[in-house]
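I have a structure I would like to understand better, so I am pasting it below and will then ask my questions one at a time.
Predicted model, so just to flag it, every value in this text is computed and none were measured. Lettering follows sequence order; numbering is per chain, from 1.
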Protein chains: 2
Amino acid sequence: MTTQSKVNNIFYKEGQKLLVAVDCIVFGFNRGKLKLLIMERKIEPQKGKWSLIGGFVQKDESLDQAAYRILQACTGIHDMHLDQLYAFGEVDRDTGGRVVSVAYYSLINLELFEQELLKEYNAKWINIDDIPELALDHNKMANSALEALQKQASIKPIGFELLPEKFTLPQLQLLYEAIYNRKMDKRNFQKKILKNDLLIKLDEKDKSTSKKGAYLYRFDLDKYSKIKSNEDSFYIKV
Amino acid sequence: MTTQSKVNNIFYKEGQKLLVAVDCIVFGFNRGKLKLLIMERKIEPQKGKWSLIGGFVQKDESLDQAAYRILQACTGIHDMHLDQLYAFGEVDRDTGGRVVSVAYYSLINLELFEQELLKEYNAKWINIDDIPELALDHNKMANSALEALQKQASIKPIGFELLPEKFTLPQLQLLYEAIYNRKMDKRNFQKKILKNDLLIKLDEKDKSTSKKGAYLYRFDLDKYSKIKSNEDSFYIKV
DNA sequence: GCAAAAGTGTTAGAACTACACCCATGC
DNA sequence: GCATGGGTGTAGTTCTAACACTTTTGC
């Protein structure tokens, strides 16, 4: 092959247009369990199988916008937290044709979730350690998302997203234990989480899980947004 | 809007096919400097401007394969380390039309790089703190890749990729200092790097940078591949 | 003999882990 | 009054950061 034709082959080669999808791994937290939102797949191939929430990217919307559009439609929530996870691009990942899928993951406060959408879309929340076989490569996506969540949970205060505005320390600890699938010592956990100085202790107690009641806290959003630019503003060793 | 038409709109909406590209951020290390490989852009728009190495994904190749194909062509290296960075999908990121680009980054041992390819492709290595204005959103990509490299360097022994097979501890420290753009204490650095127990001290010395000479080391690839499955097998606090 | 880079050890502070008992209250 | 979950402190260990002098050898 000549030099010029090599260059041609690599750089001038006509692009072939592909379908681009987004799939969303949506996490929620309730009663000490980390949950994943799945729905019945609406299109071929594998129509009717459980799958992540997804759709095709349109020509006039960005990847982020497509993910937001789909997630907003499926949860009823606005301004939710959304992170890109990974682009899945195996040739045969979708048996119906060549589709590149960009996966996003999102943390949802279940109190804001519109439950009636479950029926509308034939969707459900399942426990994270009870995920059925999903369509295409969606199990792989969900597993990657869980790994990403584990990394994120140690460097960002993700309780912001998954818990109600007011929550107790035992609740927050249950969240971390669910994410890492591991029991933690409550004294050490509280020391580590409070050291970040992003929690405000309230005078109220939540008595829904014990007779004594546990103090409610809320995140100091002001303080967090002020120091957010500094990536090291939160850290919890797990 | 009726429920059914909402469902139609989200899930059945015809996918619109888009161009998908890969762009590669290629790092090298030489004489204490971290380097980035850039080349003259070969296609419109912004033809002739400096840019990352990239090309279009073909219908019969995965994203990874496309990145590998392009990188292999531009460096002459086989089996190089390649990590997906992020999918850039703003609508107007390519002024020539809608293109979603999946960015990959790679660490290259400059001893293996085929220098004659620089002329062939009109490419060059530039210092990481001396990056010119690049085409499209390529500066953003390069910055993200550097951040990813910083994260990676603390949890994976990336010296494997960027240094020759035999190297000295001062060399390795220069690499870390270049990645983090910060001077480090050599005693503490050596303690931390040696604690991972992945370096083998050789009897040879490299006298190219001092009269006394510095001991050469090599990575214990066997040990690393055995424990690689365990993500925590390497750690250096930076 | 001296300049230039390589090699080496200690100490004080911070962070982490492990661990057990009392408290408040609804029943 | 007792069962249940919530709250709290300490001691030993490990990790980290700061810091300076000696060694080697080509010139």
Does Arg187(B) get its side chain close enough to the base of dA20(D), under 3.5 Å, for a donor-acceptor pair?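 Indeed, a donor on one side and an acceptor on the other fall under 3.5 Å apart.
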Test side-chain hydrogen bond (donor to acceptor under 3.5 Å, both in side chains) applied to Tyr217(B) - qualifying residues, sequence neighbours left out: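 Per chain and number, Tyr217(B) pairs via side-chain hydrogen bond (donor to acceptor under 3.5 Å, both in side chains) with no residue.
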Closest approach to the side chain of Ser210(A), judged atom by atom: which nucleotide of dT17(C), dG9(C), dG5(D) is it?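 The listed nucleotide nearest to Ser210(A)'s side chain is dG5(D).
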What residues from residues 190-207 of chain A pass a heavy-atom cutoff of under 4.0 Å to DNA chain C?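 Those residues are Lys191(A), Lys192(A), Lys195(A), Lys207(A).
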Could I get the full list of side-chain hydrogen bond (donor to acceptor under 3.5 Å, both in side chains) partners for Gln150(B), not counting sequence neighbours?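 Applying side-chain hydrogen bond (donor to acceptor under 3.5 Å, both in side chains) to Gln150(B) gives none.
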Under 4.0 Å from OP1 or OP2 of dC19(D): is there any side-chain N or O of Lys186(B) that close?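 Indeed not, no polar side-chain atom of Lys186(B) lies that close.
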Send over the distance from Lys212(A) NZ to dT8(D) P, rounded to a whole Å.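 It works out to 8 Å between those atoms.
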Aromatic ring centroids of Tyr224(B) and Phe234(B) under 6.0 Å?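 No - the distance between ring centres of Tyr224(B) and Phe234(B) does not fall below the 6.0 Å cut-off.
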Distance in angstrom units between Asn188(A) CG and dG7(D) C1', rounded: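 Those two atoms, CG and C1', are 14 Å apart.
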Can you tell which of dG7(D), dC19(D), dG7(C) lies closest to the side chain of Pro170(A)?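 Given the options dG7(D), dC19(D), dG7(C), the side chain of Pro170(A) is closest to dG7(D).
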Verify, without hydrogens or angle tests, whether Gln72(B) (side chain) and Arg69(B) (backbone) share a donor-acceptor contact under 3.5 angstrom.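 No; judged by distance alone, with no hydrogens or angles, the pair does not exist.
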Could I get a table of every N or O pair under 3.5 Å where one atom is in the protein and the other is in nucleotides 1-3 of chain C?
none

Side-chain donor-acceptor contacts of residues 108-119 of chain A below 3.5 Å, not counting sequence neighbours, with atom names and distances?
from	atom 1	to	atom 2	distance (Å)
Asn109(A)	OD1	Glu111(A)	N	2.9
Asn109(A)	ND2	Leu163(A)	O	3.1

Can you measure Lys237(A) atom NZ to dT14(D) atom C1' for me and round it to whole angstrom units?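 The answer, rounded to whole Å, is 11 Å.
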Does anything in residues 166-189 of chain B form a ring pair (Phe, Tyr, Trp, His ring centres under 6.0 Å)? List the pairs, not counting sequence neighbours.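 Non-adjacent pairs meeting ring pair (Phe, Tyr, Trp, His ring centres under 6.0 Å): Phe167(B)-Phe219(B), Tyr176(B)-Phe189(B).
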Rounded to whole angstroms, how far apart are CG on Leu169(A) and C1' on dG7(D)?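 It is 10 Å, rounded to the nearest whole Å.
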Please list all pairs passing the salt bridge (charged side-chain N to carboxylate O under 4.0 Å, His left out) test where one or both residues lie in residues 171-180 of chain B, with sequence neighbours left out.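 Listed once each, the pairs are Glu177(B)-Lys183(B).
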Using atom NZ of Lys183(A) as one end and atom C1' of dT17(C) as the other, report the distance to the nearest whole Å.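 Answer to the nearest Å: 18 Å.
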Please, which pairs that meet side chain to side chain donor-acceptor pair (under 3.5 Å) have at least one residue in residues 30-41 of chain A, sequence neighbours excluded?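 Non-adjacent pairs meeting side chain to side chain donor-acceptor pair (under 3.5 Å): Lys35(A)-Asn127(A), Glu40(A)-Asn122(A).
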Suppose the criterion is side chain to side chain donor-acceptor pair (under 3.5 Å): which pairs have a residue in residues 192-202 of chain A, not counting sequence neighbours?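 Sorted result for residues 192-202 of chain A: Asp197(A)-Lys223(A).
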